[in-house]
Structure formats: C-alpha cells, structure tokens
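Read through the structure below, which is laid out as structure tokens, and then see the notes.
The first residue of the sequence shown is numbered 1, and numbering continues consecutively from there. Note that these values count all heavy atoms, side chains included, but never hydrogens, waters or copies made by symmetry.
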Amino acid sequence: MRIAVLFVACTLAPAQSLDRAYEALRARDYDTAVAGFIKAIAADPSRAAVRKDLAYTYLKIGENGLARDQFQEAMRLAPNDTQVAMEYAFLCYEAKEVGQARRIFDRVRKTGNATAEQAFHNIDDPLAAGIARWNKAIELGANDFSAHYELATLAEQRDDLPLAAEHYEKAWRLLPDRRSVLVDLGRVWKALNRNADATAALLVASRGGEARAAEMARELLPSRYPYISEFRHGLDLDSSNVELRRDLAYLLLRMNRQSEAEPEFRQLAEAPANDLLAAAQLGFLLYGRGEREAARPLFDRVLAGKDEDLANRVRAVLHVQQVGTRAAPPAVGAKEMAERSIKAGYMKDAVKYLQLAHEADPGDSDVELRLGWAYNILHQDVEAIYWFGLARASSDPRIAAEAARSWRNLRNATQRFRFTAWLFPTFSTRWHDAFGYAQIKAEAPTGLGIRPYLSARFVGDYRQKMALAGAPPQYLSESSVILGIGMATTPWHGIVGWGEAGQAFNYVTHRMLPDYRGGVSLARGTGHPLRGESPGWFADAAVDAVFMSRFDKDVLFYNQTRFGYTAGPKAVRLQIYGEAGVTLDDQRQYWANFGEGGLGIRLTGSFLPPSMYFTFDALRGVYLINEGNPRRPNFYDFRAGLWYAFTH
C-alpha cells in the first residue's frame with residue numbers, strides 16, 4: 001500500500017507543478033510560472049511543448065537568452081514544429097548568431113514558409129553582396145588584415161567554410177598577434193573535419209598572446225593534454241611561439257626523450273627568443289652530464305637576468321649562496337587562485353589557473369600534482385594519469401610518493417586491459433575439509449558501462465570425495481577448472497551485474513561440461529576498513545544472486561552482514577566483528593537454505609602484501625529446510641581462511 005501511495009504521489013507531482021505554472025501564467029505571475037515549468041521539465045525533460053511555453057514565458061520577462069536555449073531544445077525534441085524553429089532563428093539573429101539563424105531559415109523555407117523565405121534572403125543577400133565586395137577589393141590590391149578578416153567572417157556566416165578558412169589564415173599571417181583569429185580558424189577547420197589542423201591552430205592560440213583568445217582556445221581544445229605530434233604541428237603553423245615550444249620541450253624531457261628536448265631548449269635559449277627559463281634548463285642538462293664549461297655561459301645569462309627565483313635555482317646547483325628574491329612571479333598568483341577555486345568547488349576554474357601556473361613554470365611538480373587531483377575530481381582520469389605521471393619524477397619525496405600512489409590507482413582503473421586474480425583457500429570443521437577458490441580474469445574496460453572479460457576459475461577441495469555419501473554438497477566444490485568468456489557491468493553504487501559462458505573440466509572425473517553462470521552482486525561498506533588510515537567502527541554487507549546451469553539451473557541467494565571494530569596500528573591490524581548471513585535457493589534444497597551467525601576476526605599488517613588477510617569465523621547455523629536433510633537441523637562451524645587479490 002505504501003509503495004502504491006508513493007507511486008501515485010510521484011506521478012501526480014509533475015502534473016501539479018505544471019497546473020500551477022499555467023495558473024500563474026494566466027495570473028501574470030511569471031516568476032512562479034517559470035519555477036513550475038522548470039519542475040515539470042526536470043520530471044520529464046522530453047516534453048517539447050512545456051519547453052516551448054517556458055520559452056515564451058522567458059520572453060515575457062525579457063530573458064531572451066534563456067528563451068533561445070529553451071526554443072533550441074524544443075526544436076531538437078520536435079524538429080517539425082515550424083513555429084519553434086522560427087522563434088529560435090529570430091532569437092539567434094538577434095543575438096548576432098547570423099550563421100545559425102540563416103541555416104534555420106533555409107531549412108524552414110524549403111517547406112514553403114514565406115516568412116522563412118523572406119528572412120533567409122534578408123540575411124543571405126547582404127552576406128553574398130559583402131563577400132563579392134571584399135573579393136573585388138582584394139583583387140584590386142586591398143591585401144590588408146581587415147579585408148581578409150571581414151571576408152572570412154561573412155563567408156563563415158554564409159557557410160562557405162573553405163573560403164572562410166582561407167581568409168582567416170591570411171588575416172592571421174598578416175597580423176600574427178591577433179590570436180583570436182586563430183580561434184576562428186580552428187573553429188572553421190574543425191567544422192571542415194580538418195581536426196589535426198584545427199587542434200594545431202587552437203594550440204597555438206592557447207599559448208601566449210591574448211588572454212581572452214587563450215581562454216576561448218582552451219574551451220575548444222580536447223580536455224586531455226596535447227600530444228607531441230600536436231605540439232609539432234602547432235609549431236609548423238607558428239614556429240616563433242615561445243610558450244608552445246617550451247611546453248613541448250618539457251613534455252619531451254618528462255618522457256625521457258632528452259635528445260629531442262635539448263634542441264628545443266637550445267632554440268629557445270638563442271636569439272630571438274632569449275628565453276631565460278630555457279637557458280637555465282639547457283644549462284642543467286649540460287651540467288648534469290658533465291659538460292660544465294658549456295653550461296657556464298647559459299648560467300651566467302640567467303644570473304645576470306632579472307628573474308631572481310630562477311637565478312637562485314642556478315645558484316643552488318652551483319652551490320653558491322642565494323640572494324633574496326624579488327616580487328613573486330605570476331605563477332604564484334595563479335596557484336593561489338587555483339587554491340581558492342578548489343576550496344570553493346570550482347574545479348574547472350582551478351584547472352585553468354593551474355594550466356597558467358604550469359605554463360609559467362613547467363618545472364613546478366606541485367602544480368602537476370594539483371592538476372592530477374583536479375582532473376581526477378572532474379572524472380577526466382586519462383588527463384589525471386598524465387599529470388600524476390609527470391609529478392612522479394619530482395625531486396620532492398612527498399610529491400613523488402603521492403603522485404606515484406595516485407598514478408597507480410588510476411592506471412589500474414583506466415588501462416586498456418586489466419588483469420585481476422584472487423584466491424581464497426579455507427578450512428571448515430563443519431565439512432572436515434579444506435576448500436580452494438580462485439579466479440584469474442582479463443578485462444577490457446570499454447567506457448560504455450560494460451567490461452568484457454576472459455576468465456579461468458578453480459573450485460575444488462582437498463578430500464575430492466564429492467560422490468561419497470555425507471560429502472559436502474557440490475556447490476562447495478565442483479572439483480573443476482572453468483574457462484569462460486563473460487561480461488560485467490561497471491560498478492554502480494556497489495552493484496555489479498555479470499554473466500559468462502564456458503566449459504568446465506572436472507579433474508576428478510575428467511569430464512567436460514558446458515557451464516553458464518551469471519548474477520548480480522551488491523557490496524557496501526562504511527566506517528574504518530581493514531586497511532584504512534585509522535582504527536574505528538565499521539560495517540559492511542554483501543548480497544549476491546547467482547545462476548548456475550550445472551546445478552540444475554539453480555539460482556542461489558547469499559547475504560552476509562558484518563559489524564565490528566578495526567583495531568591496532570597499520571603494522572598489525574585486526575578486525576573483530578559479529579556477523580550474520582542467510583543463503584537461499586529457488587529449488588528449496590536443504591543444503592542451500594540456511595542461516596548462520598557468530599563472531600569473526602580478520603588479521604593483516606605491513607608484513608603481508610596489500611589486500612591479503614587471514615580470516616577466522618566461529619558460527620552457529622540452522623537449516624531452514626530439513627526435508628531430505630541427512631544432518632541435524634543445527635550446526636557449528638569454525639572456518640579459517642586466507643584471502644589474497646591483486647590487479648595488474
């Protein structure tokens with residue numbers, strides 16, 4: 001009954017919000033109407049009509065930008081709604097998005113809409129005339145920045161992208177300091193599917209020059225760090241870009257490609273760049289391999305320069321007394337702004353400031369570590385791995401250790417192929433036998449929420465007497481090696497679904513049998529885990545539903561809950577807990593329907609490999625079904641086992 005009430009309430013709530021919105025709209029209470037429409041859309045985002053009404057309400061209160069966004073989404077949901085398309089196009093034209101407006105009017109006019117036909121020509125005819133006029137001016141010798149830029153802008157608005165790309169590039173060549181033109185060029189090249197050229201143009205615009213252009217370029221670039229080939233392509237476009245070449249040089253250096261990095265530093269250190277940071281780094285490389293005389297002129301230039309912080313780095317290498325530093329370089333300010341952004345929760349802003357700090361001082365490993373953390377929080381783990389990888393080489397032991405730990409954790413989670421293995425040998429007094437369970441699995445994360453895998457399982461026992469009367473049930477020991485291929489879902493709130501098909505080889509009977517199994521598992525925990533940072537209370541629970549074809553197509557359900565205390569230092573860590581569990585199956589077999597509870601201990605420490613621990617459990621159990629049970633309805637069991645797992 002309670003579930004039914006909740007269902008009805010959840011169903012009626014959006015409808016009530018919508019009714020209130022229309023009532024408020026009739027009463028000209030536009031703020032209340034907007035709030036009601038937004039609630040209704042949140043409950044069902046696919047309702048184009050509601051978005052349309054919200055857009056008109058926004059127009060009534062002068063929020064044309066918000067109205068345009070809602071019309072755009074309504075047009076996506078209902079592409080044949082001519083009225084919505086026209087409203088969106090007019091608002092785009094009003095917002096100076098001439099190209100988008102022209103495209104929408106062009107599409108609608110082909111349906112016979114006279115208004116769209118007229119609106120299209122009102123836009124297209126002046127564009128065509130302007131393009132013809134600027135083409136004629138250039139033919140007559142007006143080979144200046146304004147002519148090429150105006151022609152490119154009109155061509156882009158008219159969707160003549162090859163012409164736009166040609167003249168954006170010519171305009172930039174005439175005035176290379178106007179990096180915003182490179183952003184325009186990159187955008188057009190991207191639309192033309194010239195992705196490599198687009199990335200090169202945006203990369204050049206993102207390094208040095210106009211701050212606003214650099215910010216716009218970063219928004220269009222891939223979120224990952226650029227590849228070496230992309231840096232080189234960018235330098236082919238703009239060989240004089242000091243910041244771009246410096247970033248390439250440091251990237252090569254971090255990748256242990258010193259022979260390629262050194263010529264880049266040398267080119268930066270020489271005229272016309274005269275880059276002191278590159279001169280210092282080149283000097284460090286020469287000094288480190290014993291060419292001290294070659295390094296001396298470079299160090300002298302740095303010591304004579306105005307960057308006291310950089311000069312002090314050179315003095316530290318030469319073991320010369322350092323002098324007081326001058327005002328902090330801009331990178332300090334960028335780091336401070338990044339720290340403020342992190343504390344405020346603005347991680348995208350933090351990444352931008354940290355990128356600026358890295359560009360100002362590519363050798364600052366603390367910035368690299370922070371970039372790794374920021375990208376990790378933003379769930380951009382490929383970029384996070386890259387920055388953690390750079391920070392691992394830090395000369396600061398703390399930074400290097402933290403970066404290495406984070407790099408390993410993320411690499412295991414994002415690598416193309418992942419190999420996992422676990423084993424759990426255990427002894428049970430209830431069955432007077434030792435059992436062994438193990439699995440080796442090779443997974444291929446797809447990023448699509450599923451992970452195909454290959455698996456080899458082992459399930460066996462020491463006595464190998466499954467066929468004898470009074471022996472444990474088969475589910476405890478299949479005496480088999482099982483090879484299979486399967487698929488599992490990515491964990492979601494601790495829930496995993498999986499299924500596999502394969503062949504089982506029974507090493508006692510030497511029989512081969514098909515094996516199909518699958519299920520759903522849920523594992524959740526809270527408090528202080530066994531390998532956690534500190535002692536304290538903990539609780540965990542595991543629930544499994546498993547189908548196994550070889551057990552008469554049986555479905556078994558497991559549930560186990562523990563609650564206890566984690567005690568001791570990391571050197572010797574102990575968990576003491578109470579536990580309770582229940583096992584059921586859909587065929588109501590006695591051996592698969594029982595409950596048990598008792599006390600247990602887990603033991604681990606720094607003397608054991610990670611993820612290895614011993615378990616000891618003392619349990620009292622009761623069979624829930626006794627039909628066909630050759631044993632007593634109650635039992636005691638003492639179990640001792642060893643768990644070990646690793647991932648590569």
Worksheet item: Taking the six-membered ring for Trp, are the ring centroids of F547 and Y516 within less than 6.0 Å of each other?
Response: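 No - the distance between ring centres of F547 and Y516 does not fall below the 6.0 Å cut-off.
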
Can you run down the salt bridge (charged side-chain N to carboxylate O under 4.0 Å, His left out) pairs that involve [range], sequence neighbours left out, and say none if there aren't any?
{"range": "residues 385-394", "answer": "none"}
{"range": "residues 504-526", "answer": "E478-R517, D515-R517, D515-R550"}
{"range": "residues 600-625", "answer": "D540-R602"}
{"range": "residues 488-499", "answer": "none"}

Discussion item. One thing to verify: whether K441 and E443 come together as a salt bridge, which I'm taking to mean a side-chain N less than 4.0 angstrom from a carboxylate O.
Written reply: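 Yes.
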
Worksheet item: Under a 4.0 Å N-O cut-off, is there an ion pair linking R20 with E23?
Response: no

Practice prompt. Decide ring-ring contact (aromatic ring centres under 6.0 Å, His included) for Y644 and Y613; before the verdict, give the C-alpha distance in whole Å, the side-chain angles of both, and the deciding distance to 0.1 Å.
Written response: CA-CA 7 Å; Y644 180 51; Y613 58 83; over 10 Å; no

Worksheet entry | Pairwise side-chain contact, L390 with L371, heavy-atom cut-off 4.5 Å (strictly under) |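 Answer no - side chains too far apart.
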
Item to complete: Grab the two heavy atoms, one from F427 and one from H432, that are nearest each other, plus how far apart they are.
Response: CE1-C, 4.2 Å

Fill in: Heavy-atom closest pair, residues A391 and A403
CB-CB, 3.5 Å

Item to complete: Could you name each residue pair satisfying side-chain hydrogen bond (donor to acceptor under 3.5 Å, both in side chains) that touches residues 494-503, not counting sequence neighbours?
Response: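 Sorted result for residues 494-503: Y453-E500, R457-E500.
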
Fill in: Donor-acceptor pair between D544 and Q560 side chains, under 3.5 angstrom
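Side chains of D544 and Q560: no pair found under 3.5 Å.
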
Discussion item. Looking only at the side chains, is there a donor atom on one of T566 and Q575 sitting less than 3.5 Å from an acceptor on the other?
Written reply: yes

Item to complete: Using atom types as modelled and distance alone, determine if a side-chain donor or acceptor of H528 lies under 3.5 Å from a backbone N or O of F538.
Response: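 A pair under 3.5 Å: no.
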
Worksheet item: Is it true that a side-chain atom of D364 and a backbone atom of E368 form a donor plus acceptor pair closer than 3.5 Å?
Response: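 Here the side-chain-to-backbone pair does not exist.
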
Residues in salt bridge (Lys or Arg N to Asp or Glu O under 4.0 Å) with [X], at least two apart?
{"X": "E579", "value": "none"}
{"X": "D81", "value": "K52"}
{"X": "D637", "value": "R639"}
{"X": "E219", "value": "K352"}

Worksheet item: Would you say I440 has more than 12 foreign heavy atoms packed within less than 6.0 Å of its CD1?
Response: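 Result for CD1/I440: open.
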
Worksheet item: Are more than 12 heavy atoms from other residues, nucleotides or ligands located less than 6.0 Å from atom CZ of R224?
Response: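 Yes.
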
Worksheet item: Should F37 and T57 be marked as a side-chain contact (heavy atoms from CB on, under 4.5 Å) after you check the CA-CA gap, both sets of side-chain angles, and the distance that decides it?
Response: CA-CA 9 Å; F37 285 133; T57 307; 3.5 Å; yes

Worksheet item: Mind checking what makes side chain to side chain contact (heavy atoms under 4.5 Å, CB included) contact with A640, not counting sequence neighbours?
Response: F616, F638

Worksheet entry | With D69 via side chain to side chain donor-acceptor pair (under 3.5 Å) - residues at least two apart |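 Residues passing side chain to side chain donor-acceptor pair (under 3.5 Å) with D69: none at all.
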
Item to complete: Please work out which of the three classes, parallel, tilted or perpendicular, describes the rings of W537 and F563, given edges at 30° and 60°.
Response: parallel

Item to complete: Please state whether the rings of F594 and Y623 are parallel, tilted or perpendicular, taking 30° and 60° as the class boundaries.
Response: perpendicular

Fill in: Non-neighbouring partners of W422 that pass ring pair (Phe, Tyr, Trp, His ring centres under 6.0 Å), sequence neighbours left out
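Expected list: W643.
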
